[in-house]
Amino acid sequence: MAHLSLKNVGKTYGGSNQAAVAGVDIEIADGEFIVLVGPSGCGKSTLLRMVAGLETVTDGEIRIGDRVVNQLDPAERDIAMVFQNYALYPHMSVRDNMAYGLKNRKTPKAEIEARVAEAARMLELGPYLDRKPRALSGGQRQRVAMGRAIVRQPAAFLFDEPLSNLDAKLRVTMRMEIRRLQKRLGTTSLYVTHDQLEAMTLADRLVVLNGGRVEQIGAPLEVYRKPASTFVAAFIGSPAMSLLDARFENGQVMVDGHALAPVGNAPGPVTLGLRAEDLRITSTGVPMRVDYVEELGAHRIVHGAIGDQPVAVVDNGGAALAETVHVLVDPAKLHLFETSTGRRMDTRIQAEAVPAQ
Amino acid sequence: MTDTPLRIIETERTLLARFREWWSGETANPVKRVQFDRPLTPWLFILPQMAVVVIFFYWPSVQAVTSSFYIEDPFGFGSTFVGLENYQDALNSSEYMSTAAFTAFFCITVTALALGLGLLLAVKADKVIRGAETYKTLLISVYAIAPPVAGLIGMMFFDMHMGPFTQIAGWFGYELKVGINYWDTAIALITISVWKQIPYNFIFFLSGLQSVPVSVREAALIDTKSGWRRFKDVTLPLLAPTAFFLLIINITYTMFDTFPIIDVIVKDKPANNPMTLVYKVYLDGFKGNDIGGSSAQSVILMVVVALLTVLQFRFLERRVHYG
């Protein structure tokens, strides 16, 4: 177990003049669960593979524990990796799959057996130890891949989208299981996913990546409540935060010519971010055209538009909706971003009670 | 269980029913039912293939087996039934046995070298990134050379007066006399046969290597630092199906398909030169006009190769993991 530190880490592929990953600084405490999240092509897998040693590091420094590992072979880095397609050795039994790495490290036989038995018990793989991977279901294979990582007792676990090959239901169970195991073992973990729900539920801290750069680092709720940019705002949360062009007039933020909420003043146009659950359908407020409604049982999501800008609203009512409804928002829950840079602006917002209704 | 008359009648009845079903194109299971209007249509479709197999395989085989029991007049005026005498003659002849011994040696050496070198080149080519296509094409192109041409090219290399290999051997003070010295000829035969077969093995090993999932290799990279271990424990077992297939193909190649190479090198040479059993079948039959003896030899060869293949499937294939 160890802390992990990435200092100004970057990667440029030969023959390309654009960096795939650039200037990544992350300090990961011992036992912390960090999730790297972002859309495909954002460099999250590349970053993970650089930590694993499967990609060379062209800039900066990666430390695992107290060692700089930039030049070390993957096998020398004291890490274990769980791959998206499990990457089990198809010709080896479950037992041998887990034991192989230990055998190569000249671990005593009795020790190997004990560790494999312990991992098998933890993951409920006992009855399958002598089977080949092809005789296992997807979930079981995933467990074996986890087991292979656990028996190594490494300084860090690296997960490369380990759940994306599983069906939705299994994904939720395995997600909880991974979290439970990690808490129990206390092993520092780096986890890559493009699924923001997985990221939110697993992480101690999230690292949101965009175009090879870190967009925001923070606890899941912090990232959710205070997204640092329009990119993070749109990426984290489901349904995605609605982003609208707005401007200020007389201390009011104006959308499509309607005053939405009193928040203060700022020059020039801004981008207004509205979470679907922060909006309420009322009899007064800004008129919104209703396009379609998603019934989710517990609530429904109303998709529509203010002017010609799309907006989503969570609604708990069951009544049929008119073609045009009115929406209101708590001014404290508005998100404002500079239109030019997309960065969050926090300063000028002053919360005021919303008028009743 | 004894066959009571009743049971026999019953069996006949079911057989008859099955025949009728077959004739009318109907089977008990409607899913399996053949979708042809007339029962003869499917037979028409397989007729060309059947014709080829019968004319070029079964007919000659039957001919070989029958004529192996006869001694034929060299001028074709008649033949005498001699039972197993041809077989006895062949197996008791020291010449036949020494040819068989050489064939075994030749088979093992060529197969081992062709497989080994093919695998080595494939493993190395798999790592090449820049210019990989050119490299592969160069290696594979040898396969396009027809065996007699390969024999001729090889002959040029081993030529007693101007062959580069002869010259190289000369630098080390050795006079290479291909076509005259038994083992010198053997070396030339083996070299050319191996050279001809490497590209074939290379193609299969390379595609076998490329079908090993990248992530499995990466998992191995994390599990062990030693490249040799990764190859031995992970890559090689995953190549086993390819290697097993190639083993059978290579043995068949050394046994039969090296004929043109041997022919080019050994033909019209004066001395006692090495040859394989197949070439001896040809020599005795068509040069020596001993059709009966050569037929017996070819039947023996057929049985040996069939046995070899069965043995390989029985004992080796068990250890092969199919992904």
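Basis for what follows: all heavy atoms, side chains included, without hydrogens, waters or symmetry-related copies. All of these numbers come straight from a predicted model, not from anything done at the bench.
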So, the part of A:L88 with a heavy atom under 4.5 Å from chain B: the answer is backbone
Most contact-rich option vs chain A, by heavy-atom pairs under 4.5 angstrom, among B:I222, B:D233, B:V216, is B:I222
Okay, A:R77 and chain B: the region with an atom under 4.5 Å from a heavy atom over there is neither
Worksheet entry | Under-4.0 Å salt bridge between A:E177 and A:R179 | no
State whether A:Y89 and A:R148 meet the cation-pi test: NZ (Lys) or CZ (Arg) under 6.0 Å from the six-membered ring centroid, and within 45° of the perpendicular axis.
yes
**OP:** Would you please say whether a donor-acceptor pair under 3.5 Å links the side chains of A:T193 and A:E161?
**Re:** no
Answer key: most heavy-atom pairs under 4.5 Å with chain B among A:P74, A:A145, A:P133, A:G53 is A:P74
Check your understanding: Angle class for the B:F313/B:F244 ring planes (parallel below 30°, perpendicular above 60°, tilted otherwise)?
Key -> perpendicular
